[in-house]
Structure formats: C-alpha cells, structure tokens
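Some notes on the structure that comes next.
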Protein chains: 2
Amino acid sequence: MFEVFKAYVRRQTTISDEELAILESHAKFKKLRKKQYLLQEGDVCRYHCFIASGLMRTYSVDGKGNEHIIRFATKDWWISDRESLLFGVPSKFNIDAIEESELILFDKDEMKVAMETVPVFGQLVTDILNKSFVINQNRIHEVISSTAEEKYQNFVKRYPDFALRVPQAMIASYLGITPETLSRLRNPKPKK
Amino acid sequence: MFEVFKAYVRRQTTISDEELAILESHAKFKKLRKKQYLLQEGDVCRYHCFIASGLMRTYSVDGKGNEHIIRFATKDWWISDRESLLFGVPSKFNIDAIEESELILFDKDEMKVAMETVPVFGQLVTDILNKSFVINQNRIHEVISSTAEEKYQNFVKRYPDFALRVPQAMIASYLGITPETLSRLRNPKPKK
DNA sequence: CCTTTCGATTGACATTTGTCAATTTTTTTC
DNA sequence: GAAAAAAATTGACAAATGTCAATCGAAAGG
C-alpha cells in the first residue's frame, strides 16, 4: 500500500529511496470499510492521512440532523481536520469512508519530524497547503457568486469522477442545496 | 510605518533586532487612498502585502457588473491573491482600499529569501497560512449550512469591527446576499 | 447652507429554493 | 431472482431571497 504513496511523492518531487524509507518508518496503515469513521465529531484529530485508495468525506451534522459535506477526497489526496490537528481541539466534523478505503497515517509530531528530516517532503506538504488554500478561496468565491445550477455544473466539470461515484444527495449536501433541488436541476421540466 | 510590522512580528515570535533589520531590507512601502487599487483583475500579483493601517477588500466583478467580496483585511493582516502570486497567473480579483491604507510589500522572491534567512519568520508565515486555511474551511462550512440571517449574525460576532466600518452593501456582498435582503434582516417587519 | 450624491430602506412582485409526502427507480441482500 | 433497503424523482405548497423602482436620510462638497 505504501507503493501508492511512494509513486505519489516521486511524481511531485525528486526524492531518494533512503528518504522514502524514512517516511515509511513514520507511517501507519489503516483500512476502512464503507461508512466507517476515520474521525468523529468531538474527537481530537491526531493524524495527517494520505488516501492510498477509496473515497472519503468530511462533514458536520447540524441540530436538525442534516449533514453538511465540506469535502470529498480520494486517491492521492490528504485528509484530516486541520483545525483539530493544529490546535488540539475537538473536531466539529466527522470523516468517514464513502467507499472502502486504504489510508496511510502520519502522527502529527512524527509528521513534523519527517518534514524536517526530509526537506523535499516538507516543501511538498507546504505546497499542498498553499494549493488547498487557493482551492478553498475559489470555492468561497463560487459559493457566494453562483446559482445552484452553476455550482452543480462547476462541480461536475471540476470533479467528474466524484459526480459518478458519489450519491446525488451527498453532492447536494456539498453544494449546500437539498437533494430535491439538485434532482430538479438535473431533470428540468418538459421544455415548454 | 515599519514599526507596526515589527510589533506584529515580535508579538507572534521571538526575533532579534538584526533579523528584523533583514526583513526591513526586503520591504517596500505603499500608501493607498480610498478606492485605489492594490491589484486589478488581470494583473499578476507580485507581492505579499502586510497592512500597517487601513482597511482593504478582495473582490471579483461578474458579467452583470455585480461585485463579490471574498475577503476584508485590516491592520496586522496579510493580503494578496495567492493563486496569482503562487502560479504567476493573471488574477481573477481586484484588491482595493476601503479606507486610506498603509502597506508593507514583500516581493514574492524576496519573501522566499526572507523566510529562509529568518526561519522564525518563515515559520510565522507558514502558521498564518495554516490558520487561513482553517478560517476558509470554517467559512465554507458556514456558507453551505447557514441561513442568511445566521451568516450575518456570525459575521457581526466574528468581525464586530468590520460590521461598523464597512458599508452594508459590502457586507451583503461578502455574505453572498443582496443589500436589500440584508437590510430586511436588520429591520424586521413590525413585530407580529 | 444648500445641493448633490451615496447608502439604506421599503413596497410590490417574481423567482428560486426548501419542505413534506408520495411514488418510482435502482441497488443490495439473502 | 424476489424481497428489502436505499436513492432519486415528482407534486403541491411554503418560505426565503432576488429584482426593480421609489423614497428617505445622512454626509460630502462646494
């Protein structure tokens, strides 16, 4: 399973086998069945998690029991609750597996060590953070400036893979609309 | 003006006068009158900008001429278009001064040098990035899960200062609602 | 001090989106 | 392959938000 991670790092940067071995020495492995939690609301997040295979989501549950998905993540992506991880506070979110998934976990402190002992890896992680920031910024822009239909179109364009693998109700949740509204967008009334 | 920056850095970290002098050697200074641009759509962003005083905003203008404000920023905050800065692409956004402002600019490349020669500063900047990520994540969560009224209440609670200094129409734009809707939230119909 | 401008409010109405319940369709399980 | 469960669709209606135009009020400039 670590091979996926190796290939990922090699694709992004120039790294020696020795350095990869160092990273591996800090890694833990985990498999999750469908619907199993990686993190539950109230827990403190301790790991940076790399997804070797599968499909995950991060979401909250509000007072009325409605789920709000803030993120999907799949192979070669990282997932965690950065707020909880960074500040050691209980998480507001749940993270669970939409599909059976294989994960590589790096403990917070070990991650720090790994980033310092293998600088190219440290740089890679910082680059990811920068890119994630930009992605979030763009999502904020979209969500305050687009109609429900535009949001859906953009989602399909940006994440065609998710559009196929994720149940519609979850996509609606991610977009901040109801499943019914999404269904109606997709099946417009018989054209006049 | 650099004194504001010094105080800011000293508050967040332990740094010597020599190191601060190094940072100063990389800094440029800029004053903006009300409504002046720091960055215009289509430009490539070249600077990390620290706000020594004043109030700025980042926004886009859509096809219908509507403005969408993605961020306000004031004293002791950083502002730039990270996407443009990072990837050297033309910016989708405008940045301008809501109030007369004083800025300290760090050229992209010089910033890199500064972060490397003064590691505590590098760490500070990375910490800011992490926090910004978390703030954006929380904003995404809020915007997909809250009503217009809740968004406004949260805005006032989180940024009481902005709520006073920024024209209402701009707050509405930031929240992704129309000025009329915001006005109605604030002035509910005669009770009952 | 007067006039002009900009921001905020309000009304009337249109449009979008949500809610709830009932089906229908698809997927899963045995 | 039949039964059960989950997901998606649809209808009728309600609530939230947007649009456009008019008005009001404050403050900015001469």
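Below, each value reflects all heavy atoms present in this structure, side chains not excepted, and no hydrogens, waters or symmetry copies.
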With respect to the side chain of [X], which nucleotide from [options] is positioned closest?
X      : options                : answer
A:A148 : D:dC20, C:dT17, D:dT10 : C:dT17
B:Q168 : D:dA8, C:dT28, C:dA8   : C:dA8
A:P167 : D:dA21, D:dA7, C:dT28  : D:dA7
A:T181 : D:dG18, C:dT9, C:dG18  : C:dG18

>> Once you apply a heavy-atom cut-off of 4.0 Å, does A:I177 come out as touching a base, just sugar-phosphate, or nothing?
In response: sugar-phosphate
> Counting only side-chain N and O atoms of B:S183, is one of them less than 4.0 Å from OP1 or OP2 of C:dA8?
Replying inline: no
> Within the pair B:T178 and D:dT17, is there a side-chain N or O less than 4.0 Å away from OP1 or OP2?
Replying inline: no
> Just checking, B:R57 and B:Y174: is the charged tip under 6.0 Å from the six-membered ring centre and within 45° of the axis?
Replying inline: no
Rounded distance (Å) that lies between atom [atom2] of [N] and atom [atom1] of [X]:
X      : N      : atom1 : atom2 : value
A:K35  : C:dT27 : NZ    : P     : 15 Å
B:M170 : C:dC6  : CE    : C1'   : 11 Å
B:K151 : D:dA16 : NZ    : C1'   : 11 Å
A:I171 : D:dA7  : CD1   : P     : 13 Å
A:H68  : C:dG18 : NE2   : P     : 11 Å
B:D62  : D:dT19 : CG    : P     : 10 Å
A:Y152 : C:dT17 : OH    : P     : 15 Å
A:N187 : C:dT17 : CG    : P     : 16 Å

>> Ignoring hydrogens and geometry beyond distance, is the side chain of B:R184 in donor-acceptor contact with the base of D:dT19 at under 3.5 Å?
In response: yes
> Hey, does the side chain of B:S101 reach the backbone of B:L55 with a donor-acceptor pair shorter than 3.5 angstrom?
Replying inline: yes
>> Donor-acceptor pair, distance only, cut-off 3.5 Å: does the side chain of A:S173 make one with the backbone of A:A169?
In response: no
> Do the non-hydrogen side-chain atoms of B:L103 and B:I51 ever get within less than 4.5 Å of each other?
Replying inline: yes
>> Given B:F106, which partner from the list B:F50, B:Y47, B:F5 fulfils the ring-ring contact (aromatic ring centres under 6.0 Å, His included) test?
In response: B:F5
> Between A:E149 and A:E180, which has a closest nucleotide on DNA chain C that is more 5'?
Replying inline: A:E149
